[in-house]
There are 2 protein chains.
Amino acid sequence: MAAGGRQNRKPAQNTHAADGKSIQYGPLEHWIGFNLRMAQAASFQAFSRRSKDIGLRPGRFATLTLIGQNPGISQTALSRANGRDKSTLTPLIADLVRQRLVRRVREVNDRRSYGLTLTPAGEKMLAQLTECARQHEEELDGIVGRRERAQFLAALKKLADALA
Amino acid sequence: MAAGGRQNRKPAQNTHAADGKSIQYGPLEHWIGFNLRMAQAASFQAFSRRSKDIGLRPGRFATLTLIGQNPGISQTALSRANGRDKSTLTPLIADLVRQRLVRRVREVNDRRSYGLTLTPAGEKMLAQLTECARQHEEELDGIVGRRERAQFLAALKKLADALA
DNA sequence: TATTGTTATACTCTATAACTATA
DNA sequence: TATAGTTATAGAGTATAACAATA
């Protein structure tokens with residue numbers, strides 16, 4: 001992992017202040033928005049810990065999956081699928097290509113664009129990360145409760161969808 | 001809002017690729033971790049849109065709330081409550097002080113630390129942001145469904161707690 | 001020695017705008 | 001003119017390490 005970093009500690013909902021009084025969260029405590037942020041950060045950190053030996057940042061995982069699932073996808077289509085500007089993809093893809101995980105091929109029909117595919121090494125890396133994610137998901141399932149899982153997932157999807 | 005920015009578009013779960021084929025998300029689609037990220041990003045963006053006229057970045061909101069709820073809190077205690085390093089608080093607090101929203105007072109008992117409190121302008125700003133957040137929460141409640149709300153919130157808290 | 005807060009530095013992620021090469 | 005991708009530039013957010021003042 002690079003020098004700077006990603007090792008956030010736990011977001012501590014109820015740490016005691018230095019003076020011994022417990023911290024008051026006020027309305028934050030009861031808000032979906034705030035707790036969504038806390039849960040997301042905690043999940044991301046847990047996944048980072050789990051995947052840190054693989055040698056690819058967790059942020060690359062979604063990109064690799066999307067290329068794997070959509071072979072030949074263009075950078076613009078990929079950036080749309082991610083909800084990011086296309087310019088943010090240039091260095092990211094360059095990095096994946098440099099690591100020989102992704103191949104870029106000029107489209108014959110439209111020579112402005114590139115088709116992206118995984119190399120065998122990319123497939124292998126994706127498989128490793130996917131296994132990691134599967135284990136991570138099992139952990140999350142255990143926390144949320146397998147019976148509540150479907151409803152929880154549905155709520156998350158409704159939020160992402162409706163707030164578009 | 002500053003130049004760089006925060007205006008992410010919607011994370012588009014099912015945008016069509018340029019070539020007309022729909023994007024495949026593969027296993028991402030069914031994973032809590034991924035959907036947590038999407039929902040959090042969407043919620044954050046929606047709150048940003050709602051609060052952008054107030055003149056304080058949404059990231060300052062939690063800080064302001066924590067100071068308001070814990071008058072006299074030290075920077076170190078605040079950074080722990082936030083789950084961030086204390087060094088990240090220095091420029092943030094400096095900014096809030098410069099805007100006359102927060103007051104810093106040397107502790108008499110321990111002259112290494114400062115006690116943080118809101119100024120009247122800070123209280124007013126916090127009240128505006130809180131009202132904004134209340135409306136935002138109503139929107140989220142409407143999406144999640146008022147009956148499912150408690151269970152959803154409980155699941156988020158369990159995640160943040162358990163992954164500490 | 002230990003802790004509070006600051007400074008210096010660096011890295012990630014993201015954006016906008018202007019550019020090129022194609023279409 | 002319009003689109004795909006690149007480059008230049010910028011800003012927010014975060015971290016670590018070394019430091020000064022104080023305990």
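Values in this document were obtained by computation on a predicted structure and should not be read as measured data.
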Within the pair [X] and [N], is there a side-chain N or O less than 4.0 Å away from OP1 or OP2?
| X | N | result |
| --- | --- | --- |
| A/Arg104 | D/dT6 | yes |
| A/Arg60 | C/dT12 | no |
| B/Thr76 | C/dG5 | yes |
| B/Arg84 | D/dT14 | yes |
| A/Thr88 | C/dT14 | no |

Pairing of A/Arg98 and A/Asp95 as salt bridge, 4.0 angstrom limit: yes
Go nucleotide by nucleotide along DNA chain D from the 5' end; which of A/Arg37 and A/Lys86 gets its closest nucleotide reached first?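 The residue closer to the strand's 5' end, by nearest nucleotide, is A/Lys86.
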For the pair made of [atom1] in [X] and [atom2] in [N], what is the distance, rounded to whole Å?
| X | N | atom1 | atom2 | value |
| --- | --- | --- | --- | --- |
| B/Arg57 | D/dT14 | CZ | C1' | 15 Å |
| B/Leu89 | C/dT6 | CG | P | 9 Å |
| B/Gln45 | C/dC13 | CD | C1' | 13 Å |
| B/Lys52 | D/dA12 | NZ | P | 18 Å |
| B/Arg80 | C/dT4 | CZ | C1' | 10 Å |
| A/Asp110 | D/dG5 | CG | P | 8 Å |
| B/Arg106 | D/dA21 | CZ | P | 11 Å |
| A/Ile93 | D/dG5 | CD1 | P | 9 Å |

As a test of reading the structure: which of [options] is closest to the side chain of [X], going by heavy atoms?
| X | options | answer |
| --- | --- | --- |
| A/Asp85 | C/dA2, C/dA21, C/dT16 | C/dT16 |
| A/Ser87 | C/dT4, D/dT6, C/dA21 | D/dT6 |
| B/Thr90 | D/dA4, C/dG5, C/dA2 | C/dG5 |

Along DNA chain C (nearest heavy atom to each residue), the more 5'-positioned of A/Arg111 and A/Gly59: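 Nearer the 5' end of the strand: A/Gly59.
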Check whether any side-chain N or O of [X] sits under 3.5 Å from a backbone N or O of [Y] as a donor-acceptor pair, and report yes or no.
| X | Y | answer |
| --- | --- | --- |
| B/Asp85 | B/Ser79 | no |
| A/Ser51 | A/Pro58 | no |
| B/Arg103 | B/Val97 | no |

Residue pair A/Gln135, A/Glu131: steps toward the side chain to side chain donor-acceptor pair (under 3.5 Å) verdict: CA-CA 6 Å; A/Gln135 290 171 16; A/Glu131 171 55 18; 2.9 Å; yes
Under 4.0 Å, counting only non-hydrogen atoms across every strand here, what does A/Ser113 touch: a base, just sugar-phosphate, or nothing? sugar-phosphate
